[in-house]
**Student:** 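Could you have a look at this structure, given as structure tokens, before my questions?
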Amino acid sequence: MKLSQLLTATLREAPADAEIISHKLMLRAGMIRQLAAGIYTWLPLGYRVLKKVEAVIREEMNNSGAQEILMPAIQPAELWRESERWDQYGPELLRINDRHKREFCFGPTHEEVITDLVRREVRSYKQLPLILYQIQTKFRDEIRPRFGIMRSREFLMKDAYSFHLNDQSLEETYEKMYSTYTKIFNRLGLNFRAVIADSGNIGGDKSHEFHVLAESGEDQIVFSKNSDYASNLERALIDLGEEAHKLESARGIEVGHIFQLGKKYSKCMKTNCLDEHGKSITLTMGCYGIGVSRIVAAAIEQNNDEKGIIWPIAMAPYQLALIPVNMHKSVRLREAVISLYKKLLDNNIEVILDDRNERPGVMFSDMELIGVPHRFVFSEKGLDSGEIEYKERTINENKNIKIEKAIAFIKEKTSSF
RNA sequence: CGGGGCGUGGCGCAGCCUGGUAGCGCACCUGCAUGGGGUGUAGGUGGUCGGAGGUUCAAAUCCUCUCGCCCCGACCA
């Protein structure tokens, strides 16, 4: 991508509305723009990051044996009446009427829809266990949206649901999802912790939350130094009472949550199938969420410096920034830069070429703000000596690379994950 | 919803108290110079001052209503 063509504008100053660092940096780097309270547009740069996160999640979910589907965002009220959540859910549920005055809501979650699907499609125990997931826009009319994409009303979520003949099967899938989540957050390069959680009003039994550790986290998690015990604060108070205050504590951003739902939905929505004896049994369920868009903000909260964002490799919108010095005056340099740029593209390097007629300092600052992990600087001096200059975003040191070795060098650098 | 604050070019702000028809920095466009850490210089584009109503010869400024946004508290990926 040529930066001159990218729809983006870096800002020197953050809009006054932004409070936390991830929100400020996302606005300054030109990743998102606000449309209304808790509702954002993703600009090209931000959307690339979001898609990177999505891709990792999709790959690992598929590896786990889950199947991807896409459910409607708009859901009929009848289903929510069946589960009795139409009355329970409160104003957070965005209710809408169609032209016939029939009632619908914009889905904040999809237990009802998936349960309805499965009760229609699944007839036999041979189809189980079944794990279905989707990556989709959700809407929750939060009392108070805040912190940009961190707690927005509209957000991107990966939600998965599993269906089982019995509790043992549910337990196995639950464990599988636990390890899948661990793989996902590890691949995304996040410092996180899984904790025991209270299953809250979604209902059900066993539950874990996955928290990205960050000072600005809205949740308090606690853990024991002497054992494996780690939980959110609410759960610790339930489990341990006053003893809970003796635990170590940290701040976290909840990015994932897995639940064993049991029969909460399958029972009231009559979701049955035949077991091996031809007997009709009620399915047992699990559900597994990841806040896809929230991960982007959480990653920035955890990884930034005074210059800007420091993307974990797997999330970076571009791997390499190619910065020419004085290209607009030197024809031979411009030709060499364009030639290298094309070779990088041919080698599938995710490169962004700063072809603007800007001073070097501006280009450096912008690339650091955006958080591109690797940088090549190409100058006339370099052209004379046959070298290009390499620098990593987080390492304060330059390295000269022979131009003919540049492709191999950066391939090596970017393939290590 | 309760408490606090803010709406003035894309962003950050001043002007409002004490009405006289809008200004600064950044960004953007053009020229010249510059060319390794947000360069200098000259010129330029862009604003019904959130909206409606009222007071007045005259409203960004005063009054009334309204809409939006942000922060603090109770909910959640």
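Only a predicted model underlies this, so the values are computations on that prediction, with no experimental measurement involved. As a basis for the values below, the full set of heavy atoms in this structure was taken, side chains included, without hydrogen atoms, waters or symmetry mates. To find a chain, count down the sequence lines: A is the first, B the second, and so on, and within it residues start at 1.
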**Student:** Between the base of B:C11 and the side chain of A:R12, is there a donor-acceptor distance below 3.5 Å?
**Tutor:** no
**Student:** Spell out yes or no: do the side chain of A:R146 and the base of B:C72 have one donor N/O and one acceptor N/O closer than 3.5 Å?
**Tutor:** no
**Student:** I'd like to check the side chain to side chain donor-acceptor pair (under 3.5 Å) partners of A:S293; sequence neighbours left out, ordered by chain and number.
**Tutor:** none
**Student:** Among all residues two or more places apart in sequence or in another chain, which pass the side chain to side chain donor-acceptor pair (under 3.5 Å) test with A:H374?
**Tutor:** A:Y390
**Student:** Among B:A77, B:C75, B:G12, which is the nearest nucleotide to the side chain of A:E92?
**Tutor:** B:C75
**Student:** Select one nucleotide: of B:A77, B:U39, B:G35, the one nearest the side-chain heavy atoms of A:F155.
**Tutor:**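 Comparing B:A77, B:U39, B:G35 against the side chain of A:F155, the answer is B:A77.
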**Student:** Whole Å only: how far is the NZ atom of A:K329 from the P atom of B:G35?
**Tutor:**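 Taking atom P of B:G35 as the reference, NZ of A:K329 is at 8 Å.
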**Student:** According to a strict under-4.0 Å criterion, is A:Q34 in side-chain N/O contact with OP1 or OP2 of B:G68?
**Tutor:**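 For B:G68, neither OP1 nor OP2 has a side-chain N or O of A:Q34 closer than 4.0 Å.
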**Student:** Tell me whether A:R48 forms a cation-pi arrangement with A:W42, defined as NZ or CZ under 6.0 Å from the six-membered ring centre and within 45 degrees of its axis.
**Tutor:** no
**Student:** Separation of A:E142 atom CD from B:C72 atom P, in whole Å?
**Tutor:**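 In whole Å, B:C72 P and A:E142 CD are 14 Å from each other.
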**Student:** Between the side chain of A:R393 and the main-chain N/O of A:E368, is any donor-acceptor distance below 3.5 Å?
**Tutor:** yes
**Student:** Applying a 4.0 Å non-hydrogen cut-off, can you work out what A:N357 is touching in the nucleic acid: base, sugar-phosphate, or nothing?
**Tutor:**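 Base contact.
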**Student:** Under 3.5 Å, is there a donor-acceptor pair linking the side chains of A:E103 and A:N97?
**Tutor:**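 There is no such pair between these side chains.
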**Student:** Given atom CD of A:E358 and atom P of B:C28, what is their separation to the nearest angstrom?
**Tutor:**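 So the CD-P distance, A:E358 to B:C28, works out to 6 Å.
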**Student:** Classify the side chain of A:E389 and the base of B:G36 as holding, or not holding, a donor-acceptor pair under 3.5 Å.
**Tutor:** yes
**Student:** Among the candidates B:C69, B:C75, B:G37, find the nucleotide nearest to the side-chain atoms of A:E218.
**Tutor:**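 The closest nucleotide is B:C75.
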**Student:** Counting distance alone, no hydrogens or angles: does the base of B:G38 have a donor or acceptor under 3.5 Å from a partner atom on the side chain of A:D366?
**Tutor:**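 Yes.
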**Student:** For the base of B:G36, is there a side-chain donor-acceptor partner from A:R375 under 3.5 Å away?
**Tutor:** no
**Student:** Using whole Å, what does the distance between atom C1' of nucleotide B:G36 and atom CG of A:N400 come to?
**Tutor:**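 Interatomic distance, CG of A:N400 to C1' of B:G36: 13 Å.
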**Student:** OP1 or OP2 of B:C72 sitting under 4.0 Å from any side-chain N/O of A:R144?
**Tutor:**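 Yes, because at least one side-chain N or O of A:R144 sits under 4.0 Å from OP1 or OP2 of B:C72.
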